[in-house]
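The structure appears right after this line, and notes come after that.
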Number of protein chains: 2
Amino acid sequence: MVNHFDRQLNLAFGARAHPIRCGILARLFEGEASIAELARPLRVSAPAISKHMRILEEAGRLSRKTEGREHRCRLEPKRMKDAEGWIEQHRTFWNERLDEYLKAFQ
Amino acid sequence: MVNHFDRQLNLAFGARAHPIRCGILARLFEGEASIAELARPLRVSAPAISKHMRILEEAGRLSRKTEGREHRCRLEPKRMKDAEGWIEQHRTFWNERLDEYLKAFQ
DNA sequence: AAAATGATTAACCATTTAGTTATCTATAAA
DNA sequence: TTTATAGATAACTAAATGGTTAATCATTTT
């Protein structure tokens, strides 16, 4: 049986949990952006964005390509799809267990 | 348009993100437990469990009934179902946006 | 070649988080 | 009724988080 509370899920949840990281994801749905372009509307410094970017990249939600001195950040659709599929599996698992639970206790 | 990164989702994610809280949820899938019974296998003090319980209760994932001096903790199936439904909505949203994104960029 | 720009890294600081032990309250057992 | 037990709360500490500014590196512009 899979461990349903493993690091990968925690990472995905943790990555999304911070408002600045949510802001980054939301912004990138509109299209690519550089670090500076992400920083400006979120009212934080570039180093702050840089750190959040690393977390989101490690969680497999973002990627970047370096164009000269600019880093163009974008959503990583394939890996995002994977993550969402992953969550979907867990959702199913939870619902099944909840059904059991409901039968047993109510 | 709904704000898809709102407090409720962050709370649900945050609540699940900590290993001890994951451990509590996993344990309660096996059935009810007291604070002490939760604490023992997780190798932390009762006050530590007490704090995590509060977070999980506020996130609507657990409830307890007081039986004498014991607190019987259990999953809160209805509210869990709500939370999962909530996540399901978001999953759908994300997939739709991802499809748009894929069409636009690939 | 020098200056300016985009981003990372380093060093630092404040806040939050998560744990502990000690104390207190309520219930159960002696 | 005294003692023991379950749990909450308080006070404290250590570690993690998230931010800043300053320094550095690479690229672009002048």
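Each chain gets a letter, A, B and so on, in the order its sequence line appears, and its residues count up from 1.
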Extract from the structure each pairing of a protein N or O with an N or O of nucleotides 20-22 of chain D at less than 3.5 Å, listing the distance.
from   : atom 1 : to      : atom 2 : distance (Å)
D:dT20 : OP2    : A:Ser45 : N      : 3.1
D:dT20 : OP2    : A:Ser45 : OG     : 2.5
D:dT20 : O4     : A:Lys51 : NZ     : 3.4

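- In this structure, the CD1 atom of B:Ile24 is 12 Å from the C1' atom of C:dA18, given to the nearest Å.
- Between the CG atom of B:Leu62 and the P atom of D:dG7 there is a distance of 14 Å, rounded to whole Å.
- Per the geometry, CG belonging to A:Leu42 stands 14 Å off P belonging to D:dG18, to the nearest Å.
- The side-chain contact (heavy atoms from CB on, under 4.5 Å) test with B:Ile20 is passed by exactly one of B:Leu25, B:Val44, B:Leu38: B:Val44.
- Residue contacts for B:Thr66: at a heavy-atom cut-off of 4.0 Å it reaches no nucleic acid atom on any strand shown.
- Checking the phosphate oxygens (OP1, OP2) of D:dT17, no side-chain nitrogen or oxygen of A:His52 falls inside 4.0 Å.
- Dashed line: the shortest gap from a side-chain N or O of A:Ser34 to OP1 or OP2 of C:dG6 is not under 4.0 Å.
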Side-chain donor-acceptor pairs of residues 46-56 of chain B under 3.5 Å, sequence neighbours excluded:
from    : atom 1 : to      : atom 2 : distance (Å)
B:His52 : ND1    : B:Arg21 : NH1    : 3.0
B:Arg54 : NH1    : B:Glu58 : OE2    : 3.4

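- In this structure, the side chain of B:Arg27 engages the main chain of B:Gly31 through a donor-acceptor pair within 3.5 Å.
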Nucleotides 26-30 of chain D: which of its N/O atoms have a protein N/O under 3.5 Å away?
from   : atom 1 : to      : atom 2 : distance (Å)
D:dT27 : O2     : A:Arg69 : NH1    : 3.4

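- In this structure, CD1 of B:Ile55 is placed 13 Å from P of D:dT9, rounded to the nearest angstrom.
- Residues B:Ile35 and B:Cys73 approach most closely at CD1-SG, 3.9 Å, considering heavy atoms.
- Put simply, CD1 on B:Ile49 is 18 Å from P on C:dT17, counting in whole angstrom units.
- Distance CD (B:Glu57) to C1' (D:dA8): 12 Å, rounded to an integer number of Å.
- Among the atoms of the strands shown, only primed sugar atoms or phosphate atoms (P, OP1, OP2) are found under 4.0 Å from some heavy atom of B:Ile20.
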*Determine which bases of DNA chain C form Watson-Crick or G-U wobble pairs with both distances under 3.5 Å, and write the result as a 5' to 3' dot-bracket string with | for other-strand partners.*
||||||||||||||||||||||||||||||
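- Protein atom CD of B:Glu70 is 14 Å distant from nucleotide atom C1' of C:dA29, rounded to whole Å.
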Taking distance alone, no hydrogens or angles, what donor-acceptor pairs closer than 3.5 Å link side-chain atoms of residues 62-71 of chain B to residues at least two apart or in another chain?
from    : atom 1 : to      : atom 2 : distance (Å)
B:Ser63 : OG     : B:Glu76 : OE1    : 3.1
B:Arg64 : NE     : B:Glu57 : OE2    : 3.1
B:Arg64 : NH1    : B:His71 : ND1    : 3.0
B:Arg64 : NH2    : B:Glu57 : OE1    : 2.8
B:Lys65 : NZ     : B:Glu32 : OE2    : 2.7
B:Glu70 : OE1    : B:Arg72 : NH1    : 3.2

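- Remark: C1' of D:dA6 and CZ of B:Arg64 are 11 Å apart, rounded to the nearest angstrom.
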